[in-house]
Structure formats: C-alpha cells, structure tokens
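Labels below follow one simple rule: chain letters A, B, ... track the order of the sequence lines, proteins then strands, and each chain is numbered from 1. The basis for the numbers below is simple: all heavy atoms, side chains too, and nothing from hydrogens, waters or symmetry mates.
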Amino acid sequence: MSAETGPSEAELEERRRKAQRARSVAIGLALAAFVIILYVATWAKLGAGVLMRDL
Amino acid sequence: MAEMTGHSATGRVTKGEAAVSTALPSDYFELLKPRVMTLVVFTAIAGLVIAPGHLHPVLALIAILCIAVGAGASGALNMWYDADIDAVMTRTRSRPIPSGRVTRDEALAFGLTLAFFAVFVLGFLVNWLSAGLLAFTIFFYAVIYSMWLKRSTPQNIVIGGAAGAFPPMIGWAAVTGTVTLESLVLFAIIFIWTPPHFWALALFKSGDYEKVGVPMMPNVAGNRSTQNQILAYSLVLAPVGVLPWLMGFAGTAYGVVSIAAGLGFVWLALRCWQMPSDDKAMLPAKKLFAYSILYLFVLFGALILEAALPGLAALVMGVAS
C-alpha cells in the first residue's frame, strides 16, 4: 500500500518557489506604494513651501 | 541537497532545520481580517468627514489607510494570540495560522511591523493625537481584549468593544486634533452596539465558544440572561444612535434614518427576547446579528452622505454651469 496523500517533493518545491516570488512581488509593491505615499504627502503638506526653507 | 529537504503535513517545505513558507500574499491579507477592516474604515471615514475643519484630501486618504492598516495589524496580532482556540472553533479553523499556511511567529512579526508603520506614518503625516489613539486601539484590542479579557470574563466584548469604537474618534482627531463630545458620541454608538451584536452571534455559536472555554455570556449566564441583556443594550442604543442629530452635528435626514433604524433594532431585539431560550434554529438571533451590521452601516453611511452630498452637489453644479 503506497497511497500518497500529500503533494510530491517536486510539487512542494515548485509551490514554495512560486509563493516566495509572489511574496517578493507583494513586498516590492508595498514598498513602492510607501515611497509614493511619502512623496505625495510631502507635496500635500508643504506644497511649494518644500522649496522655501532656510539653509 | 535533496536528502536535507522534507515537508510537513501543513505544506511547509523544510530544508534541514529551517522551514520555508509556502504562504501567499493572500494568506497574509486574510490575517488582516478584511471584513472587520471594512467596518473600521467606514466608521473612521464618517468621523473624518463630519468633523469640523479641513484636512487635505491626500492626508485624509493617508489617515484612512493608516487606520485600516492599524486595524489589520490588530487582527493579525489577535490571530497570533488566539491560534490555539481558532484551531478548534468551526468558524475560525480555516484561518491562515490554524490551517498551517502561516506560522504564529510570522503573524506576530507581520502584525507588529504593520502596527509600527501605521502609527508612525499617521503621526508624522497627520497628527500625533490620532496616532496615539490608533496605537492605544491596537494595544487595547491585542493586549487588553485578546490576551486578557476574552478568556477571563463574560464582559469581554463589553469592555473590548471599545477597540472597535475608537476608529471614528481617530478620524475626528485626524481633522481636528482634539477629542470632543461629538467624537465621544460616535464612540458611544459603536461601544453600546457591540454587546447586542456579538451576543446575538454568541447565542447561535455558543457551542463553539464553550468548546474552547471562552466565557461568552450565553455559556456563563445562560441564554435567557443574554437575551435580557441584548434587549437592555438595544433600548439604550436606539436613543444614543439619535444623539448626533439631537446634538446638532447631524441633520434631519440622519435623525429620521437613525430613529427608524433604532426602532428596527429594538423590534428585532424584542423578537430575540421572546425566543425560547432553548430554541434550536435561533432564527431571531441570526436576524438580529445580520441586522446589527446593517444598522451600523446605515447610521454611519447616513452621516457620510449627509456631510458629503452638499459638497458633491456643489461640485456637480459647478461643472454643469
């Protein structure tokens, strides 16, 4: 009786690889969104004043 | 290398000592309790829209995003702590941690990271009062409610309900930088709404809670006492729901809607109260639970519409002329 219930080693490795890539893409998108949010928020808060500051 | 690689029953691939996750982004998204988040976002928008004052639309969107992420972080931390009982209850056993898709450590790290970013972004970009309230809300839900109250007292959701009641207050504070009587009334509506909402659910899910030893009101005080308390809270909720109109920070349309919705709530609570406490189907409790969600959406939806419609109408007229 050699009834295999779970996925094979190769299938799991493939799932792991795909999941890791999907997580990497999600983290990349979240970081990009974070940068855009900070950029837009800076303009919203300071407007043209972003260029007017004492040096 | 192959001899070092194996896999567990949960689908996690292991290499030597380390386990490599097969969790997808959607599993992490599920940790955020998106359905709860919807209600949080909705009530926060209401607080933000009706608050006197002006907040730049971009900053308003960021405030809503931060509140949503903060609420999601609370959900992840709650799932991290409650993984043991989630695995037993039918309603929760397919969640990412009990089903083995995400580990507890991963959920904890995810929740803490999101909480940190949500609070600090809100603080730096909007104001620190709203950020402080958000931080307190996350702490209240994850520590006071999940870790302490939930497993120790049948008053768990009465006190814990405060966590769900803070979002409109955070939205209000994001605009005004203050906590006022008006924002406390918005808080009170959700705070008083929570017990009848959850106890209606607990009536027909009491077996689940009993199995894991969570002292929900029906398991501790019995169905009859729970039904009495549901009715009592509903009788308080209906007039409190009308307060925004009576106090003048909502209009007549809200007043009419809140009176009608409140009467509906009391009517269904009365039906629930009349239900035999050993009723098998518990239909009146199920109806009250479903209606309670609608009630909150209708009340806060009316607040949003009433505040936003004049501006939208002016915009449309301006474009048309």
Side-chain angles (χ1 to χ4, degrees), chain A, chain B residues 1-15 18-32 54-66 68-69 72-73 96 100-103 106 109-110 113-114 116-118 120-127 131 174:
Chain A
M1 203 60 193
S2 60
E4 277 293 324
T5 50
S8 71
E9 202 70 56
E11 283 169 338
L12 269 172
E13 184 60 28
E14 180 62 15
R15 265 174 57 191
R16 180 197 65 79
R17 218 168 43 79
K18 279 185 178 168
Q20 199 166 37
R21 193 184 305 136
R23 290 200 304 272
S24 301
V25 170
I27 291 169
L29 288 174
L31 282 174
F34 186 61
V35 170
I36 292 167
I37 284 170
L38 290 185
Y39 181 76
V40 175
T42 305
W43 276 107
K45 272 184 88 79
L46 302 175
V50 75
L51 301 173
M52 296 176 189
R53 60 199 170 105
D54 297 331
L55 293 173
Chain B
M1 196 68 196
E3 68 275 7
M4 290 180 70
T5 310
H7 60 81
S8 69
T10 58
R12 298 181 72 78
V13 179
T14 58
K15 283 189 174 177
V20 183
S21 173
T22 54
L24 294 167
S26 57
D27 296 321
Y28 283 92
F29 185 68
E30 209 181 318
L31 285 176
L32 305 179
H54 176 74
L55 183 64
H56 192 288
V58 170
L59 298 179
L61 279 175
I62 290 171
I64 295 299
L65 184 67
C66 288
V69 172
R101 288 171 283 150
V102 176
T103 66
E106 286 163 352
F110 184 60
T113 307
L114 290 188
F116 176 85
F117 273 94
F120 279 90
V121 170
L122 188 62
F124 279 117
L125 295 181
V126 181
N127 64 50

Using every non-hydrogen atom in the two residues, find where [X] and [Y] come nearest and quote the distance to one decimal.
{"X": "B/V126", "Y": "A/K45", "answer": "O-NZ, 4.3 Å"}
{"X": "A/A19", "Y": "B/L24", "answer": "CA-CD2, 3.8 Å"}
{"X": "B/P25", "Y": "A/A22", "answer": "CG-O, 3.4 Å"}

**Prompt:** Can you tell me how far CZ of A/R23 sits from OG of B/S26, rounded to the nearest 0.5 angstrom?
**Reply:**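 Spacing of OG (B/S26) from CZ (A/R23) equals 11.0 Å.
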
**Prompt:** What part of B/L65 lies closer than 4.5 angstrom to a heavy atom of chain A: side chain, backbone, both or neither?
**Reply:**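 Just the side chain, heavy atoms under 4.5 Å.
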
**Message:** Need one label for B/F117: side chain, backbone, both or neither, based on atoms under 4.5 Å from any heavy atom in chain A.
**Reply:**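 Just the side chain, heavy atoms under 4.5 Å.
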
**Asked** In terms of heavy-atom proximity below 4.5 Å to chain B, should A/I27 be classed as side chain, backbone, both, or neither?
**Response**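 For A/I27, neither part sits under 4.5 Å from chain B.
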
**Request:** Test side-chain contact (heavy atoms from CB on, under 4.5 Å) on B/L125 and A/L38 and set out the steps.
**Result:** CA-CA 8 Å; B/L125 295 181; A/L38 290 185; 4.1 Å; yes

